[in-house]
Amino acid sequence: MNAPANNGFELSSLLDAIFKKYHYDFRQYAEASLKRRVAAALTHFGCATVSELQNQVLHQPHLFGALLEILTVQVSDLFRDPSYYKSIREKVVPYLQTYPSLKVWVAGCATGEEAYSLAILFAEEGLLSRTLIYATDINPSSLRVAEDGIYDLRRFARFSQSYLQAGGRASLSDYYTANNSSVVLDRGLRKAILFSDHSLATDTAFAEVELVSCRNVLIYFDTELQDRALGVMRDSLRRKGFLGLGQRESLRFSKHADAFLELVPEERLYQRL
Amino acid sequence: MNELTAGKRVRAIVIGGSAGAIDALNVIVPLLPEGFSVPLVLALHLPAASPSHVPRLLMNKSALKVKEPDDKEPMVPGHFYVAPPNYHLLLEKGGCFSLSVDNQVHYSRPSIDVLFESAADAFGDHVVGLLLSGANEDGARGLLRIKEAGGLTIVQAPETALVPVMPGAGLRVAGPTHVLSAVDIGALLASCEPVRVAK
Ligand SMILES: C[S@@+](CC[C@H](N)C(=O)[O-])C[C@H]1O[C@@H](n2cnc3c(N)ncnc32)[C@H](O)[C@@H]1O
């Protein structure tokens, strides 16, 4: 990034402007990685300074979508970290089986892979027919991809392996139809998931759910915003409900740690007290 | 060479490497004195899916606590931190770690450039950057950033490295302050003093 001397206040001015004009709040994102993404945006838009970038996105709203793509990180996989899903199967499902109906919230779902992984798992455990999965994100183009449930076929060799490692009971190919280069996930899975726009930075709790899965989203927040987001998740969870985080995310540094019990510490699975 | 570092106050020693770097660390780490209190932070290229064996590889060599940090974990003295596989590891101004799953840099996650650039940004001239043996050019730009911020930059002398590509790139791109063998690197690091952080 150029002009390092001005970096600090140029960056905060850009984030203020984005918030005021577009109501996306990046002001409390973890600074180190956000700065790298802003630097990437400068290259993408051919701007020499952050102020120049600010100027462009404020006056040309059609550019904001592209900026949002760069500022949010859309990496996801089906059954990413198979042991996480295996633990849900073994340690969480037995509790969930006692409920007559279930709601699950996947917060920061990106292009949908995490929500579909849970839908497949729930289907195999006989829970899907009484489950509604809410999957939310702030990135509208990712939400559209998620809703379509269409993915690149080349990713599925790896996904199939992860599915089996996650304790899958059949074959992943039972859940999709493949054509030349892409895969369409089954309608039955798609029907169980409601994708919608929700920001952990600015919105509040929206439903009472039995399970929240929020993986690799909190890493992009500073500790204060993490506390806010975790507060929203806590408020959305019924008592004894479950919370799953990313493999390297932890409640240890949060003020909400006391509201949860560590259910499977290695997999970052918690239970609300 | 120790005159150059005498009194050098350091928040973190950031280290990068790939093939051959563990061999160098096996020489360097035992040379650090007991009670060495500048935190060390390593980004090492690993096959993405493999569980990390680095903590175990280093464990026996040192009285330091070897650890893969969680997101937002505060960096504390007496530790040798290792970037977890498949995440970038970054340092924040407040002295804690952040992780990210942003795209690979130089085909790598963790990337050395990402760690080094964040360290330079967070701690300015209170950083030591060390680039060891390795097979790609990741880390060279980050080392330059550390140098520009006034930090101490060290490259393993390419002719002493198992794989010279990475230190060679560091040498060319960053013009580091020191080019040394593993033994001399150990001695130099041993002379670093921690920054006392006001609470
Ligand atoms: C690395 S992806 C994680 C995807 C998925 N959870 C997984 O682990 O595979 C991070 C996601 O968080 C979303 N995100 C970023 N800020 C957010 C916010 N304030 N509220 C909700 N989602 C957010 C991004 O748009 C992105 O889709």
Nearest-0.5 Å distance that lies between atom CG in B/Leu143 and atom OG1 in B/Thr177: 8.0 Å
Show the nearest heavy-atom pair for residues B/Tyr87 and A/Arg248, with the distance to one decimal. CE1-CG, 3.5 Å
Can you measure from CG (A/Leu67) to CD1 (A/Ile18) and round to the nearest 0.5 angstrom? 5.0 Å
Residue among A/Gln247, A/Gln74, A/Arg268 with most heavy-atom pairs under 4.5 Å to chain B: A/Arg268
Can you tell which of A/Asp222, A/Val75, A/Ile219 has the highest number of heavy-atom pairs within less than 4.5 Å of chain B? A/Ile219
Relative to chain A, which segment of B/Ser100 carries a heavy atom at a distance below 4.5 Å: side chain, backbone, both, or neither? both
Starting at SG of B/Cys96, measure out to CG of B/Asp70 and round the result to the nearest 0.5 Å. 12.0 Å
Residue part contacting chain B, namely of A/Ser33, when any heavy atom lies under 4.5 Å: both
Can you tell me how far apart CZ (A/Arg27) and CG (A/Leu15) are? Round to the nearest 0.5 Å. 8.5 Å
Pick from B/Glu148, B/Glu117, B/His88: which one has the most heavy-atom pairs with chain A under 4.5 Å? B/Glu117
Give me the one residue out of A/Arg228, A/Arg272, A/Arg234, A/Gln226 that meets side-chain hydrogen bond (donor to acceptor under 3.5 Å, both in side chains) with A/His256. A/Arg234
B/Glu73, part contacting chain A, at a heavy-atom distance under 4.5 Å: both
Side chain, backbone, both or neither: which part of A/Arg80 has a non-hydrogen atom closer than 4.5 Å to chain B? side chain
